[in-house]
Amino acid sequence: MLDLSTKIEEVARIGTAYQKKLKKFGIKTVQDLLFYFPSRYDDFSDIIPIKKVKVGYTVCVQGKILQIESTRTFKKFMNITEIIVEDETGAIKALWFNQPYLAKTLKEDDFICLAGKVSLGKDGMYLNNPAYERISEAVENQNLTHTGRIVPVYAETRGLTSRWLRFIIKPLLVNFYHKIPEILPEEILKKYKFLPIKKAIWQAHFPDSFDYADAAKSRFSFEELFLLQLSVLKEKAKLIQNKAPACLMNTALMKEFTKSLSFELTDSQKQCSWQILKDLEKITPMSRLLEGDVGSGKTVVATMAALNTAKCGYQVAFMAPTEILANQHFKEVTRLLESFNVRIGFLTAKEGRIFKDKETYKTSKQSLLEDLKNGQIDILIGTHSLIQKGVDFKNLALVIVDEQHRFGVEQRKNLTHNNALFAHLLSMTATPIPRTLALTIYGDLDLSLIKEMPKNRKKVKTLIVEPKDRSSAYEFIRKEAQEGKGIFVICPKIEARDKKQGTKDKEGMYGSFVPKNYNLGSLVLQDVKAVKEEYEKLSNEVFPDLRITMLHGKMKSSEKEKIMQDFKKGEVDILVSTSVVEVGVDIPRATVMMIEGAERFGLAQLHQFRGRVGRSDAQSYCFLFTTSPDHLNRKRLKALVASNSGFELAQKDLEIRGPGQVYGTQQWGLPDIAMQGLSNIFLVEKTRAAAKELLEKDPGLKMYPLLKERLKNFEQRIHFE
Ligand code: ADP
Ligand code: MG
């Protein structure tokens, strides 16, 4: 017996080539296919008499085929199929290009329904490439699929057309729709007046009206987000059953620390550290997100938590997304804690270091790991290598992660696998995100906000630089450099657009570079190539008088580290780099951030770049070089010029690019309908409240076995990053 879990291989009309294509979309079963929703609809519902057809309109007509003809044009390879269709009111021609098989499928005297755009040719009106469907006779109320109704249009990729999907999905709907179980609880269906599942699934694919299509859509976007919320909340419920080590707040120590700083903490910083230190006193594991714009001073807050934890006799893990940042955190934390007698380790894939008695030593990774296990290290700073096998803490109590979109319970468990106790988590981000959304996509964290910037900050002046102004921008840069200021130049990645054409850059900026054959890995190389070319151009042609160096991801970390230090010390004027300097690097003497191909970066990312300058009391500048006339690109760059607030920019980014791009959720494998739902904050809130209510009543979902099953299925399909 076939059921919803039937594999697509067993569905009659799906051949092996199509099976492969479907699997690329994650479609493996009948159920997956039925839940593969259209991204939009074409309205062909109004069938009109041929006499009423007008040029420029999209219309739907039906009638009998009078004549059919297939020809080759003099321009070779072009096949044209032409038919004439007649109803009681008139006749019209329809044309298709390069679909020779049509002449074989359609015959004279067949009845046909056509839908498409009306064009004007030499000898009158014709339907250009219309959707078509054979019908039994020109009578009303036929059960149509591709024409004569509101027709679903699916997200298409090579070889998977909407026509084919309709052809496959419709019979499956007929055969299976009554087997689709209702998973939403009765109360929810009632409360929100949702269509019941069977009706909703029909109406999602073949709606009777646009109202029905909308109703189906709101039900399914609710459903997907509801599942996401259930999953997040259940994870949290599981988490808080664990016990964490309680570290009492050492008020005297914290006072001593703040006194040791060369500045005063902002009110926000004080509030946030208080919230964190209070959480650490509990035996329930903390899960807290510290959110603050670039340069708002999150590291100091995190360092206070680390110090307090270390002095309680526990260990701290501090993770950064890149080696450069890990390095910088290590430098910053060792500097801040210099006189507090804590032992700080540094670990990346390549090296180990240790800081104790006010000195930093190189050490083998092995001996570092040994020390860690014996409790000889209080704070371990590093990259992802911290969650690898072989890294065993003696008594880890606090994990600090910087700019990782999501740090799952599993990863957290990996860190503490040796211990009975579970570590507290402090996650930091400069991406401003509305609260409910944060709760949803960061995995239900409590939120601490740094709302204000340190007082000594000056606004960075931001300008869009047109090609004609390039040389005056260069002159300006030369002057800054001559005054001893540091200049960043960021180069965008060259995107490989087409294998055959290589990577021909639209603006021709790096057009000379054509890789033989590219794969994802070589994108990094293209990155490097862009930097090398820019570096050569600047040092040979533009600024032969200045000291220029380059930085990219393919360099050894010791090399990168040395370059950053030289730049920081003022031994380099201009640093040409890939986006590796993106987050968090602190070079106070840098006053100019120059970004090539600025339109290729997201707003949040550009804001991050800009945050690299303006870290002293000198006036700083951000130059956005662009040659793109594209309206949306312009709009984004103008938004950056107009606003210095990360929160405002993120909001704009969200509107322009959608939440998947902005928050990195596109890698999770969430269905489109859920992704769209994430940009609707009311829906996010509604689903969260509903999920919470249900779990309070029935934490194990015992009363809802079908929902539980679906949730399991859902969790297998998404993979939080
Ligand atoms: P981010 O939030 O981007 O991680 P950082 O923690 O790197 O910001 O801080 C940026 C710089 O500002 C650092 O050099 C830090 O020492 C300094 N800083 C932090 N807090 C303050 C403050 N309250 N007043 C002045 N400078 C501060
Ligand atoms: Mg930072």
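Whatever order the structure lists them in is the order used to number ligands and atoms, beginning at 1. These figures come from a predicted structure and were not determined experimentally. Hydrogens, waters and symmetry mates are skipped; everything else that's a heavy atom, side chains included, is used.
Close contacts between ligand 1 and Thr266 involve ligand atoms 23 (N) [criterion: under 4.0 Å to a heavy atom]. Residue Glu264 has at least one heavy-atom neighbour below 4.0 Å for each of these atoms of ligand 1: 22 (C), 23 (N), 24 (N). Near Thr299, meaning under 4.0 Å from any of its heavy atoms, are these atoms of ligand 1: 4 (O), 5 (P), 6 (O), 7 (O). Close approach to Glu332 involves these atoms of ligand 1, each under 4.0 Å from a residue heavy atom: 15 (C), 16 (O). Short contacts between ligand 1 and Val300, defined as distances under 4.0 Å to a heavy atom of the residue, involve ligand atoms 19 (C). Against a heavy-atom cut-off of under 4.0 Å, Asp293 is close to the following atoms of ligand 1: 2 (O). Of all atoms in ligand 1, numbered sequentially from 1 with element shown, those under 4.0 Å from a heavy atom of Val294 are 3 (O).
For the pair Gly297 and ligand 1, the shortest N or O to N or O distance falls below 3.5 Å. For a threshold of 3.5 Å applied to N or O pairs, the pair formed by Gln328 and ligand 1 contains no separation below that value. Geometrically, ligand 1 and Gly292 share no nitrogen or oxygen pair separated by less than 3.5 Å.
Judged by the shortest distance from any of its heavy atoms, Arg615 lies inside the 4.0 Å radius around the atoms of ligand 1. A heavy-atom separation below 4.0 Å is not found between Lys455 and ligand 1. Under a 4.0 angstrom heavy-atom cut-off, Ser296 registers as being in contact with ligand 1.
Phe318 meets the ring pair (Phe, Tyr, Trp, His ring centres under 6.0 Å) test with His329; sequence neighbours excluded.
A donor-acceptor pair is defined here as one N or O able to donate and one able to accept, closer than 3.5 Å; no such pair exists between the side chain of Glu235 and the backbone of Val232. A donor-acceptor pair is defined here as one N or O able to donate and one able to accept, closer than 3.5 Å; such a pair exists between the side chain of Lys311 and the backbone of Phe340. Listed for the Glu480 side chain is no donor-acceptor partner under 3.5 Å among the backbone atoms of Lys485. Looking at Gln269, its side chain never comes within 3.5 Å of a backbone N or O of Val300 through a donor-acceptor pair.
Contacts of Leu265 with ligand 1, taken as heavy-atom pairs under 4.0 Å, involve the backbone alone. Contacts between Met428 and ligand 1 below 4.0 angstrom, taking non-hydrogen atoms only, are absent altogether.
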Phe346/Phe355 under ring pair (Phe, Tyr, Trp, His ring centres under 6.0 Å): CA gap, chis, key distance, verdict:
CA-CA 8 Å; Phe346 178 73; Phe355 173 92; over 10 Å; no
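A cation-pi geometry, defined here as NZ or CZ lying under 6.0 Å from the six-membered ring centre and within 45° of its normal, does not hold between Arg547 and Phe567. In this structure, Lys278 forms a cation-pi arrangement with Trp274, its terminal cationic atom sitting closer than 6.0 Å to the ring centre and no more than 45° off the ring axis.
Shown here for Ser448 and Arg288, the closest heavy-atom pair between the two residues is OG-NH1, 2.8 Å.
Taking the ring centroids of Phe488 and Phe609, they lie at or beyond the 6.0 Å cut-off.
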